[in-house]
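Single-structure report; data block below.
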Amino acid sequence: MIPYGRQNITDADIAAVVETLASDFLTQGPRVAEFEQAFADYVGARYAVACANGTAALHLCTLALGVNEESRVITTPITFVASANCVRYCGGEVAFSDIDPETALLDIDKVRQMLESKPRGYYSGLIPVDFAGNPVNLEAFRKLADEHGLWIIEDACHAPGGYFIDSQGEKQHCGNGKYADLSIFSFHPVKHIATGEGGMVTTNDERLYKELLRLRTHGITRDPQEMEENHGGWYMEMQELGYNYRIPDMLCALGISQLNRAEAGLARRRGIARVYDKAFDGIEGIGLLKTTPAALGTDEETGHAYHLYVIQVADRRGLYDYLREHGIFAQVHYIPAHLMPYYRDLGYKKGDFPEAEDYYAGCLSLPMYPTLTQEEQEYVIEKVKEFVG
Ligand SMILES: *Cc1c(COP(=O)(O)O)cnc(C)c1O
């Protein structure tokens, strides 16, 4: 069977974990900081905070930014529900906004209309998602956010290694902290870098960085400079209500080892995408998403990180079932978040975001992972064309 995504664990990965298992630290050891530094270097950010998973990373961000019952935060319905749920964890309101049908990314013009229809201060933040690995043009979103006094959390779970070219002609990697206040990543096995469970927040903001570190460990500080009192070497202070959102040393060892191969994996994903592009180009009945213009780069190279390769067809259910019968486990990303019973209970309904709902009706993610072989990909293409044709 061929899944839509799968992790790749090598002997070096296994050795790295085993070495940590035999060391003095299973949880908060040297690998945590090492992974954070390596990841920060990889995406070009000043600070990185590793944590339990991508959802914990999102929650740490909304906590650090002070989201509360008065907050209204704009995000896309075409994402994993965690992008929205992190606002609800803090009691805030999720304000969904429709997608651009060409890219399935949050439509900046619609966000602008929303912001302009309310007084300044009505909304407090934006959570754009680099959906499928296609980078959001964060320079444009930053400009809009600044005009309206909003913060930005970039959900970059699909896009480690992705980038766009900004108006100065400079490469801006997803999560590099230049335009977003905070960016988050996940190391779930279907993502580019796998640690089992795992997540990361990146930022260039030192104040937010320190806040994330405290919140990750119960709101506790051990830094004498930050404490109100000091009774001796054992002393620490819990200064606010935090959580245990730590990631174990063992998993960070796996993350470091995986990160060493991230660029090769990314190159392979892009290669697979080119083959699909060519195979489906001009085929009637198959729609393809467009890459953000700024992420196309300056030549053939692309900044798209291809977590997913999405096609759009009229009979999606038929194609999904047909592929399964032939051992190909394609997947749907995503059921619009506003149509989940939980969000319907909060007042959302069918028809609220027609572009997202149209997109959902036809989308299917085909197998996309570095170890997908050429033969397997050819078989997938053949079966898709067979059904559509
Ligand atoms: C995977 C994912 C998450 C959540 O990450 P977990 O590590 O599974 O908690 C959040 N947002 C997006 C877009 C994701 O793909």
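Counting starts at 1 for both ligands and their atoms, following the listed order. Quick caveat, the model's predicted, so the values are computed rather than measured. All values below were derived from every heavy atom in this structure, side-chain atoms included, with hydrogens, water molecules and symmetry-related copies excluded.
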Original post:
Do other residues, nucleotides or ligands put more than 12 heavy atoms under 6.0 Å from N244 CG?
Top reply: yes

Subject >> K143, H148, R142 screened by side-chain hydrogen bond (donor to acceptor under 3.5 Å, both in side chains) with D146, the one that passes >> reply: R142

Original post:
Which ligand 1 atoms, with their elements, are less than 4.0 angstrom from a heavy-atom of Y334?
Top reply: 15 (O)

Subject >> Which residue and heavy atom of the protein sit nearest atom 8 (O) of ligand 1, plus the separation >> reply: S186 OG, 4.0 Å

Subject >> Option whose closest heavy atom lies nearest to atom 11 (N) of ligand 1, chosen from T76, V129, T195, D155 >> reply: D155

Original post:
So with a 6.0 Å cut-off around CG of L21, is the heavy-atom count from everything else above 12?
Top reply: yes

**OP:** Heavy-atom contacts with T55 under 4.0 Å: which atoms of ligand 1 show up? List them by number with element.
**Re:** 4 (C), 5 (O), 6 (P), 9 (O)

Original post:
Can you tell which part of K191 has a heavy atom less than 4.0 Å from ligand 1: side chain, backbone, both or neither?
Top reply: side chain

**OP:** List every atom of ligand 1 that sits less than 4.0 Å from any heavy atom of T79, numbering the atoms from 1 in the order shown and giving each element.
**Re:** 13 (C)

Original post:
Are more than 12 heavy atoms from other residues, nucleotides or ligands located less than 6.0 Å from atom NZ of K110?
Top reply: yes

Original post:
Does the N or O separation between H188 and ligand 1 drop below 3.5 Å for any pair?
Top reply: no

**OP:** Measure the distances from the heavy atoms of G199 to every atom of ligand 1 and state whether one is below 4.0 angstrom.
**Re:** no

Original post:
Side chain, backbone, both or neither: which part of H158 has a heavy atom under 4.0 Å from ligand 1?
Top reply: side chain

**OP:** Flag yes if more than 12 heavy atoms outside E375 fall under 6.0 Å of its CD atom; otherwise flag no.
**Re:** yes

**OP:** Could you tell me whether R222 atom CZ has more than 12 heavy atoms of other residues or ligands within 6.0 Å of it?
**Re:** no

**OP:** List the steps and the verdict of side-chain hydrogen bond (donor to acceptor under 3.5 Å, both in side chains) for Q37 and D41.
**Re:** CA-CA 6 Å; Q37 187 60 54; D41 291 346; 3.0 Å; yes

Original post:
Which atoms from ligand 1 have a heavy atom of S83 less than 4.0 Å away?
Top reply: 11 (N)

Subject >> Atoms of ligand 1 close to N53 [distance to a heavy atom under 4.0 angstrom, numbered from 1] >> reply: 7 (O), 9 (O)

Subject >> E325, CD: over 12 other non-hydrogen atoms inside 6.0 angstrom >> reply: yes

**OP:** Could you tell me whether some N/O pair between G54 and ligand 1 is separated by less than 3.5 angstrom?
**Re:** yes

